Amino acid sequence: MKQEAKLFKIYNKLLDYFGPQHWWPADSPFEVMVGAILTQSTNWGNVEKAIANLKRVKVLTPEKIVESREQSVERWIKPSGYFRQKARKLRAFAKFFLREYGGRLRAMRCEGVQTLREKLLAVHGIGPETADSILLYALNKPNFVVDAYTRRIGQRLGLFDFEDYHQIKEYFENNLPKRVRLYNEYHALLVALGKNFCRPRPLCQNCPLNGLGRCKKN
DNA sequence: ATCCGGAGCG
DNA sequence: CGCTCTGGAT
């Protein structure tokens, strides 16, 4: 079967089973970017607590993050884990955002996607997944996000056998129409499947993708 | 290959 | 308790 047809079949089954995921839950693009950093290897529920703290003390702006003592930021984001690392990362990103774009989304959106992605990757604490999450969910660029779930699910389904981030990203982008809405929902649905069924130890019994073909389960 | 880390779950 | 969580830096 054609790769694109396969990908849409998966997408439709997931959407049918889980429904729209409404990503990214946030009041502002800056909140999305902060969340993208805080959620690295971390349960989203813990990130929500950290963001709630940042809102409570009213520091959810690049200016306030930079002004605040790092030790304070550590305390506020503690629920999201890796709090010392992430406090550094938030500061680095806030400084970058202010220095390069004056803290303005409009200015950031004007940058070409490719150069913007490279500039993001140069910021301490921002790797491929975080950069792509920011591009897709904060800036609405048609940029497919790859994560551990995407990799695991794709391999188990036999969609691809490579491991490299960029190869997987290109696999999806080359076999799907370049649409923001589609990329947004697709990644969110893969996360839903990865959390609920295609876990490190898979729960294949009631997997919504049963019947699509053979699944390797590693 | 190791480290960073609190929180929630069974 | 052990496992897992929308990774990235060293």
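Note on naming: letters A, B, ... go to the chains in the order of the sequence lines (proteins, then strands), and numbering restarts at 1 for each one. Just so we're clear, the structure is a prediction, and the values are computed from it rather than from any experiment.
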Peer 1: Kindly assign one of parallel, tilted or perpendicular to the pair A/F160 and A/F162, based on the angle between their ring planes and the thresholds 30° and 60°.
Peer 2: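 Geometry flag for A/F162 against A/F160: parallel rings.
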
Peer 1: Would you indicate which nucleotide in C/dG8, C/dG7, B/dC4 comes nearest to any side-chain atom of A/Q85?
Peer 2: B/dC4

Peer 1: Apply side-chain hydrogen bond (donor to acceptor under 3.5 Å, both in side chains) to the pair A/Y17 and A/N196, showing each step before the final yes or no.
Peer 2: CA-CA 12 Å; A/Y17 185 88; A/N196 295 292; over 6 Å; no

Peer 1: Counting any heavy atom closer than 4.0 Å, what does A/K86 reach on the DNA or RNA strands: base, sugar-phosphate only, or nothing?
Peer 2: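 Here A/K86 touches no strand at all.
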
Peer 1: Is the distance from OP1 or OP2 of C/dC5 to the nearest side-chain N or O of A/Y149 less than 4.0 Å?
Peer 2: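 Indeed, a polar side-chain atom of A/Y149 lies that close.
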
Peer 1: OP1 or OP2 of B/dG5 sitting under 4.0 Å from any side-chain N/O of A/R84?
Peer 2: yes

Peer 1: For A/K195 and A/V123, find the nucleotide of DNA chain C closest to each by heavy atoms; which residue's nucleotide sits nearer the 5' end?
Peer 2: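 The 5'-side residue here is A/K195.
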
Peer 1: In whole angstrom, give the distance that lies between atom OH of A/Y165 and atom P of C/dG8.
Peer 2: 7 Å

Peer 1: Using whole Å, report how far CZ of A/R151 lies from P of C/dG8.
Peer 2: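 Distance, rounded to whole Å: 10 Å.
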
Peer 1: In whole Å, I'd like the distance from the CH2 atom of A/W44 to the P atom of B/dC9.
Peer 2: 18 Å

Peer 1: Would you indicate which nucleotide in C/dG8, C/dT4, B/dA7 comes nearest to any side-chain atom of A/P79?
Peer 2: B/dA7

Peer 1: Taking only the P atom of each, what is the distance from C/dT6 to B/dC3 in whole angstrom?
Peer 2: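 It works out to 23 Å between them.
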
Peer 1: Just the rounded figure in Å: distance from P of C/dT6 to CH2 of A/W24.
Peer 2: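 It is 10 Å, rounded to the nearest whole Å.
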
Peer 1: Can the positive tip of A/K169 be found less than 6.0 Å from the middle of the six-membered ring of A/F144, inside 45° of the ring normal?
Peer 2: no

Peer 1: From C-beta outward on A/R88, which listed nucleotide comes closest to its side chain: C/dG8, C/dT4, C/dT10?
Peer 2: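 Of the candidates, C/dT10 comes closest.
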
Peer 1: Determine the contact category for A/I126: base if any of its heavy atoms lies under 4.0 Å from a base atom, sugar-phosphate if only primed atoms, P, OP1 or OP2 are that close, otherwise nothing.
Peer 2: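 It contacts sugar-phosphate atoms only.
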
Peer 1: For A/G194 and for A/H124, locate the closest nucleotide of DNA chain C by heavy-atom distance; then report the residue assigned to the nucleotide nearer the 5' terminus.
Peer 2: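 Of the two residues, A/G194 wins.
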
Peer 1: May I ask you to check whether A/Q3 and A/Y171 show a side-chain donor-acceptor distance below 3.5 Å?
Peer 2: yes

Peer 1: Taking only the P atom of each, what is the distance from B/dA7 to C/dG8 in whole angstrom?
Peer 2: 23 Å

Peer 1: Can you find a donor-acceptor N/O pair under 3.5 angstrom joining the side chain of A/T130 to the base of C/dG8?
Peer 2: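 Checked by distance alone, the answer is no.
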
Peer 1: Without decimals, in angstroms, what is the distance between A/L14 CG and C/dT6 C1'?
Peer 2: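 Rounded to the whole Å, the gap is 15 Å.
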
Peer 1: Starting the side chain at C-beta, find the nucleotide from C/dC5, B/dC4, C/dT6 nearest to A/R152.
Peer 2: C/dC5

Peer 1: Considering heavy-atom distances to DNA chain B, does A/Q40 or A/K49 have its closest nucleotide positioned more toward the 5' end?
Peer 2: A/Q40

Peer 1: Quick one: A/I37 CD1 to C/dG8 C1', roughly how many Å, whole number?
Peer 2: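 Rounded to the whole Å, the gap is 11 Å.
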
Peer 1: Going by an N to O cut-off under 4.0 Å, is there a salt bridge joining A/E163 and A/R151?
Peer 2: yes

Peer 1: Distance check needed: C/dG7 P versus A/D164 CG, whole Å only.
Peer 2: 17 Å

Peer 1: Tell me whether the OP1 or OP2 atom of C/dG2 has a side-chain N or O from A/R201 closer than 4.0 Å.
Peer 2: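 No, outside the criterion.
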
Peer 1: Please state how far atom CG in A/L121 lies from atom C1' in C/dA9, giving the value in whole angstrom units.
Peer 2: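 One finds 13 Å between C1' of C/dA9 and CG of A/L121, rounded.
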
Peer 1: By a 5.5 angstrom centroid cut-off and a 30 degree plane limit, is there stacking between A/W23 and C/dT6?
Peer 2: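 The base of C/dT6 is stacked with A/W23 (centres under 5.5 Å, planes under 30°).
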
Peer 1: Which of the following nucleotides, C/dG7, C/dT4, B/dG5, is nearest to the side chain of A/F83?
Peer 2: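 Nearest nucleotide to the side chain: B/dG5.
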
Peer 1: At under 4.0 Å between heavy atoms, what does A/S133 touch on the DNA or RNA strands: base, sugar-phosphate, or nothing?
Peer 2: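 Counting heavy atoms under 4.0 Å across all strands, no contact is made by A/S133.
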
Peer 1: NA contact type, A/G81, heavy-atom cut-off 4.0 Å: base, sugar-phosphate, or nothing?
Peer 2: base

Peer 1: Report the nucleotide, chosen from B/dC4, C/dT4, B/dG6, that has the shortest atom-to-atom distance to any side-chain atom of A/P200.
Peer 2: C/dT4

Peer 1: Can you identify which nucleotide, out of C/dG8, B/dG5, B/dG6, has its nearest atom closest to the A/Y82 side chain?
Peer 2: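 Among C/dG8, B/dG5, B/dG6, the one nearest the side chain of A/Y82 is B/dG5.
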
Peer 1: Are the charged groups of A/E185 and A/R181 less than 4.0 angstrom apart, N to O?
Peer 2: no

Peer 1: For the residue pair A/F8 and A/Y11, categorise the inter-ring angle as parallel (less than 30°), tilted (30 to 60°) or perpendicular (more than 60°).
Peer 2: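 The arrangement is perpendicular - the two ring planes meet at more than 60°.
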
